[in-house]
Amino acid sequence: MILCESDLAKFAGLLNDCKSFVLTCHTNPDGDALGSTLALRKVLINMGKEATVITPDLAPTYFSWMPGIKSLMTYERQQEECDKVIDAAEVVLVMDYNDFKRVRSLGDKLLASDKKYVMIDHHTDPVAKTDVMFSVPSAAATCELVYYLLRQASLWQYVDIDVATDLYTGIMTDTGGLSYNSNDPDIYLVMAELLRCGINKPEIHDNLFNSKTMRRMHLTGYALGKKLHRIEKYPIALITLDKNELLKYHYVTGDTEGLVNMALQIKDVLVSAFIMERPDGVKISLRSKQDFPVNEFLAEHFAGGGHLNAAGANFVGPIDEAVNRFTENIVPFYAKWLKKSAK
Ligand code: 5GP
Ligand code: MN
């Protein structure tokens, strides 16, 4: 991946010339959102700068081992303090999202501020306009993009084990352990370079993949055993969980992470959906194989978005309505896609 030279020069100029930075990422922050912001924050700290990561809402506790996570500020919880940090900053980094709508009230604050803005993101169709933009949808993860930025803007000297651990985590989580969205051979060279920094790979993998609770395993068993259905005659699988079912298994954030990918393991399934009731609405997660565009489907029917093969949305209303809207629309959408791809 070769980034635009003039953008790299502008980016390096901002990092060298400015003193205080705020790094932001999307709501429900995942490994890539946290990894990319925390990694770049540590680089800035190593450069002697002031840098703070502000997330719109709380980071899940299963990422509590990530280097730098204790320094996080959360807009929803600490709005006044966050506003002060934003007011004092010269540069705002927009990372792993490209539309201020994705960060709720933090977006209103950012839109109303007058800063230098830098976007570093891998989602399609950026909405936000920033002074410097690294918008690369072909990147496996924002963390991969940060890796190339650090290399090509001559900032690699500031990379330490913490930075490498955060970047490695983001790439691993956004590609399901290098299983999807990672066909570029160079991704292995990136991982090799991160390993060369001395990161503890077995420990990261245990933290990421072997840290589940018994409760979570039982909830997964229930979801796969009783709640996994296939839309008859179509390669579409669906799992739903309502609030009573979640309550029964003492659900905590993160317990259903990865469930939607499991249904995609079924041989002929092309589209997998997970629909779950949440206090603030209904969360919809979609995953797909081949070039079935789940981001387009969710943009069209649920005002959601994401990537070609992994997208999400929030639905305000009863879960049954969300499920009906999904099942009624996915079949014609699939039929249309099939017709188009047969051409
Ligand atoms: P997940 O299903 O894991 O929540 O999200 C998968 C992908 O879709 C992520 O890249 C995430 O950024 C994106 N995504 C999740 N929820 C939303 C949403 O409500 N709106 C948009 N535009 N994208 C979302
Ligand atoms: Mn990402």
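Whatever order the structure lists ligands and atoms in, that order sets their numbers, starting from 1.
Looking at Lys42 and Asp160, a side-chain N of the basic residue comes within less than 4.0 Å of a carboxylate O on the acidic one, giving a salt bridge. The pair Lys109-Asp87 meets the salt-bridge criterion, since a charged nitrogen lies less than 4.0 angstrom from a carboxylate oxygen. Taking the charged nitrogens against the carboxylate oxygens, Glu193 and Arg196 do have a contact shorter than 4.0 Å, which makes a salt bridge.
Atoms of the protein (N, O or S only) found under 2.8 Å from the Mn ion (ligand 2) are Asp32 OD2, Asp96 OD1, His122 NE2, Asp174 OD2.
Using modelled atom types and a 3.5 Å distance limit, the side chains of His307 and Asn309 yield no donor-acceptor pair. Side-chain atoms of Tyr62 and Asn207 form no donor-acceptor pair, as typed in the model, at a separation below 3.5 Å. Thr24 and Tyr97 share a donor-acceptor pair across their side chains, judged by distance under 3.5 Å alone. Under the 3.5 Å distance criterion, with hydrogens and angles disregarded, a donor-acceptor pair is assigned to the side chains of Arg151 and Tyr147. Side chains of His122 and Asp96: a donor on one and an acceptor on the other come within 3.5 Å. Residues Glu245 and Tyr251 bring no donor and acceptor atom of their side chains to less than 3.5 Å of each other.
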When you look at Ile120 and Val94, which way does the side-chain contact (heavy atoms from CB on, under 4.5 Å) test go after all the steps? CA-CA 6 Å; Ile120 305 173; Val94 172; over 6 Å; no

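Summary of contacts: the protein heavy atom closest to atom 15 (C) of ligand 1 is Gly312 CA, 3.4 Å. Among protein heavy atoms, the minimum distance from atom 7 (C) of ligand 1 is reached at Ala310 O, 3.5 Å. Ranking the protein heavy atoms by distance from atom 4 (O) of ligand 1 puts Lys283 NZ, 2.7 Å first. Scanning all protein heavy atoms for the shortest distance to atom 2 (O) of ligand 1 gives Ser285 OG, 2.6 Å.
The shortest heavy-atom distance from His123 to ligand 1 is under 4.0 Å. Heavy-atom distances between Glu257 and ligand 1 stay at or above 4.0 Å for every pair. Taking a 4.0 Å cut-off on heavy atoms, Asn28 fails to register as neighbouring ligand 1.
Considering only non-hydrogen atoms, atom 11 (C) of ligand 1 lies nearest to Arg102 out of Arg102, His307, His26. Considering Ala299, Gly306, Ala311 only, the shortest heavy-atom separation from atom 5 (O) of ligand 1 involves Ala311. Nearest to atom 21 (C) of ligand 1 by heavy-atom distance, out of Ala303, Ala273, Gly305, Pro29, is Gly305.
Counting atoms of ligand 1 from 1 in the listed order, those under 4.0 Å from a heavy atom of Gly304 are 20 (N), 21 (C), 22 (N). Contact atoms of ligand 1 toward Asn314: 19 (O) (distance under 4.0 Å to a heavy atom of the residue).
Only the side chain of Arg287 comes within contact range of ligand 1, with a heavy atom under 4.0 Å; no backbone atom does. Looking at Ala313 against ligand 1, only its backbone comes within 4.0 Å, counting heavy atoms.
When all heavy atoms are compared, the tightest approach of Ser135 to Pro126 is OG-CG, 3.6 Å. Between Leu270 and Leu264, the shortest heavy-atom contact is O-CD1, 3.7 Å.
Both tests hold for Arg325 against Phe302: distance to the six-membered ring centre under 6.0 Å, angle to the ring axis within 45°.
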